[in-house]
*Asks:* 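Handing you a structure now.
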Amino acid sequence: MSGAAAQAYGLRQRRLAGRVAGGGIALAVLLLGDLLVGPAFLHPADVLATLFGGGNAADPALHAIVWSIRLPMSLMAVVVGMALGLAGALMQTILGNPLASPYTLGLSAAAGFGASVTILTGFSLPVLPQLTVPLAAFVAAAGASLSVAALARLRGVTPEVMVLAGIAILFLFQSLQSLSQYLAAPEVLQQIVFWLFGSMLKASWTGIWIAASLCVVAVLPLLGDLWKLTAMRLGDDRLASLGVDPARLRVKVFLSVSLLTTAAVAFVGTIGFVGLVAPHIARWATGEDHRLLLPMSALSGAGLLVAASILSKLIAPGAVVPIGIVTAIVGVPFLFGLILKSRSRFW
Amino acid sequence: MTLHVRDLRVRYGRRLALQVDSLRLEPGVLTALIGPNAAGKSTLMRAVAGLQEASGAVRLGRHGDMDRRTRTENIAYMPQDTGARSALSALEVVLLGKVGRLGLRLPADDIAAAARLLDELGLGAVADRPLDSLSGGQRQLVFLAQTLQRRPRVLLLDEPTAALDLHHQLAALGRLVDLAAREQLVLLVTLHDLNLAARFAERVLCLAAGRICADGPPVEVLTPDRLRTIYDVEAEIGTGRDGRPTVTPLAPASPALAGEVVSR
């Protein structure tokens, strides 16, 4: 009897791991689709030839469009989607709340404020000026997350304290952001608003490398904590009785989440909803074992964002609608489907 | 190995919530911890397990004083059911007993051990069911299996039978007594049901207002006088077929309270 239970568990784990692999394949297909569409109306065969070599790969205009515009935009969508999916799953776990997202604790508002102020003042770094706005967004968001972590450390690292501190930070930075917009001249305001709409048009190879490295740095320290995160769903009391310090784990994970989120927001602006819905899709597919849940959340986040990117290019032919505007259009049907279809409780 | 506790003090603010000068718990037998609500039973267990800020020393066998971390590792405390909702399967919950020692790949031994524990507690059929689809009693047994999965030397169980029906109360406590004898575990169990304490415990510790007020075999600790002072009830003590005392509570002892109940 107990042999059967162990065997059933093994089989189920393999089936769930298969779903993660399936998610990877789906992402690859979406990514290819994203590369094939765009305002330049290139022939798919030409795009493929340019990507994989052969054919008239030598055409410089074609080469430039594929390698300097489409590929960076698509890959940025993958990196940002993964970061937001992961950050959302981690946030929902440490706050024990299905409504939590990477932005719940004010990180995006802080990043937006950092960007707004830099655009408003026209300040620019002496070296690598194109990184000025991302860096400002990053610094502001890091400041916000450190204040939340410090406040929680003082008052007890419970979800309630963190949510309250985070909401306070959120409102503070939203006000500051509005203030900087109010003070801005009309053409500067337009720049600010454009930055706030998340858009892949801001993508660049430099941005991709930096964002991807930050994500790796954020995720590596958590590799040894996957089981602890799974156990966190049983409640702090039980986690503590199993020999894990919940407060310490929560702060550590929150700092990782902050790094993931700021890496995503700093380069492309605020992209909502992906971080909220991707973890739910993943939880539906793989359950709560974080060894599978986290990779699946990253894949769902990337898949959703790439799908949104395809849609953003199809809505208005010849133009690219900022992706932040369409993510919810792609994500909401998924969320409704989950709420209605899911056989067991999905939270 | 015997567990020694010395000068254990817990303060909540200025209030001294627990004061245990000396306590030895021998391995191999079940010791019941009884006492009225808010007597400090959970506090005592949490302090011994290193989950609660406390002064004093805890030693296991001939080893020296253990710091809080070593205590958390060697002493398994099972909290009361906190009602956590989770879609993890019963088997996964049991596997989490070893949470600090699990790697990315699970050893087949761990999975087999977890499945065996569930089987022994009569939960083999629900091993792959999500935790939140189980009944309160089943959940409690799953968490008991989780605690046993740690293979601890010292086991502190807080109300492990509260949600169990009669059959499972007897079965679970019977298994715990066997386990303690077989593996020479130190086993301390909080019990509200004094009949269960009388039936299964070799020794009963009675805690009131944060201090141990009685300590001995059930027949010495469970007397009408003591139940009146500690629990404020009139009770009849009989003798069961196994020669152990039985407790039949009759009425609240203090007249004011008794009158209030009657007038309602």
Side-chain angles (χ1 to χ4, degrees), chain A residues 1-17 93 96-98 222-249 280 282-295 342-347, chain B residues 45-46 49-52 69 71-93 95-106 108 110-120 123-128 130-133 143 146-147 150 156 158:
Chain A
M1 184 107 175
S2 64
Q7 211 171 14
Y9 175 73
L11 280 174
R12 178 160 162 263
Q13 288 301 108
R14 236 168 295 157
R15 203 177 69 235
L16 297 182
T93 298
N97 191 324
L222 299 183
L223 286 183
D225 296 328
L226 297 179
W227 283 107
K228 297 176 191 167
L229 287 165
T230 308
M232 195 162 237
R233 287 301 309 278
L234 299 177
D236 280 14
D237 235 24
R238 209 159 293 272
L239 190 60
S241 75
L242 293 174
V244 179
D245 181 348
R248 222 171 130 163
L249 182 62
H280 288 291
R283 208 172 280 113
W284 165 76
T286 60
E288 286 177 13
D289 184 339
H290 279 58
R291 292 176 303 162
L292 297 170
L293 174 64
L294 292 183
S342 159
R343 270 176 294 121
S344 58
R345 247 171 15 80
F346 60 91
W347 176 257
Chain B
M45 288 190 161
R46 293 173 54 86
L51 299 169
Q52 163 77 51
R69 207 190 146 76
R71 276 192 259 163
T72 312
E73 277 165 17
N74 290 285
I75 303 176
Y77 165 68
M78 181 174 101
Q80 295 175 33
D81 193 352
T82 44
R85 301 177 64 188
S86 164
L88 289 170
S89 74
L91 188 77
E92 285 174 309
V93 172
L95 284 169
L96 287 175
K98 283 194 171 178
V99 64
R101 283 166 277 171
L102 295 176
L104 276 181
R105 284 190 74 87
L106 282 180
D110 280 352
I111 302 175
R116 209 162 40 237
L117 277 168
L118 282 174
D119 238 13
E120 280 174 23
L123 292 169
V126 298
D128 59 351
L131 185 68
D132 52 21
S133 74
F143 283 118
Q146 182 189 59
T147 312
R150 298 175 65 184
L156 311 176
D158 207 343

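In what follows, every chain begins at residue 1, and chains take the letters A, B, ... in the order their sequences are listed.
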*Asks:* To check you understand the geometry: which heavy-atom pair defines the closest contact between Ala240(A) and Thr72(B), and what is its length?
*Replies:* O-CG2, 3.7 Å
*Asks:* If the condition is side chain to side chain donor-acceptor pair (under 3.5 Å), which residues does Thr230(A) pass it with, not counting sequence neighbours?
*Replies:* His290(A)
*Asks:* What residue, out of Gln146(B), Glu120(B), Lys98(B), has the most heavy-atom pairs lying under 4.5 Å from chain A?
*Replies:* Gln146(B)
*Asks:* Would you mind checking which part of Leu88(B) comes under 4.5 Å of any heavy atom in chain A, side chain (CB onward), backbone (N, CA, C, O), both or neither?
*Replies:* both
*Asks:* If you take all heavy atoms of Gly103(B) and Trp227(A), which pair is closest and at what distance?
*Replies:* O-NE1, 2.9 Å
*Asks:* Using a cut-off of 6.0 Å, state whether more than 12 heavy atoms not belonging to Arg105(B) lie near its atom CZ.
*Replies:* no
*Asks:* What closest approach, in Å, do Pro79(B) and Asp237(A) show between heavy atoms, and which atom pair accounts for it?
*Replies:* CB-OD2, 4.1 Å
*Asks:* Determine the minimum heavy-atom distance between Ala115(B) and Ala6(A), stating which atoms define it.
*Replies:* CB-N, 4.1 Å
*Asks:* Just how far is it from atom CZ of Arg233(A) to atom CG of Asp132(B), taken to the nearest 0.5 Å?
*Replies:* 9.0 Å
*Asks:* Check each atom of Glu92(B) against the heavy atoms of chain A and say whether the ones under 4.5 Å are side chain, backbone, both or neither.
*Replies:* side chain
*Asks:* Check whether Arg46(B) gets within reach of chain A through its side chain, its backbone, both or neither, counting any heavy atom under 4.5 Å.
*Replies:* side chain
*Asks:* Quick check on the interface: out of Leu102(B), Leu131(B), Leu104(B), who has the most heavy-atom pairs with chain A under 4.5 Å?
*Replies:* Leu102(B)
*Asks:* I need the minimum non-hydrogen distance between Glu288(A) and Ser86(B), along with the two atoms involved.
*Replies:* OE1-OG, 3.0 Å
*Asks:* Side-chain contact test, heavy atoms from C-beta onward, threshold under 4.5 Å: evaluate it for Met78(B) versus Ser241(A) and give yes or no.
*Replies:* no
*Asks:* Residues in side chain to side chain donor-acceptor pair (under 3.5 Å) with Thr147(B), at least two apart?
*Replies:* none
*Asks:* Is the closest side-chain heavy-atom distance between Leu242(A) and Arg150(B) below 4.5 Å?
*Replies:* yes
*Asks:* Select, from Leu91(B), Leu95(B), Leu106(B), the one with the greatest count of heavy-atom pairs under 4.5 Å involving chain A.
*Replies:* Leu106(B)
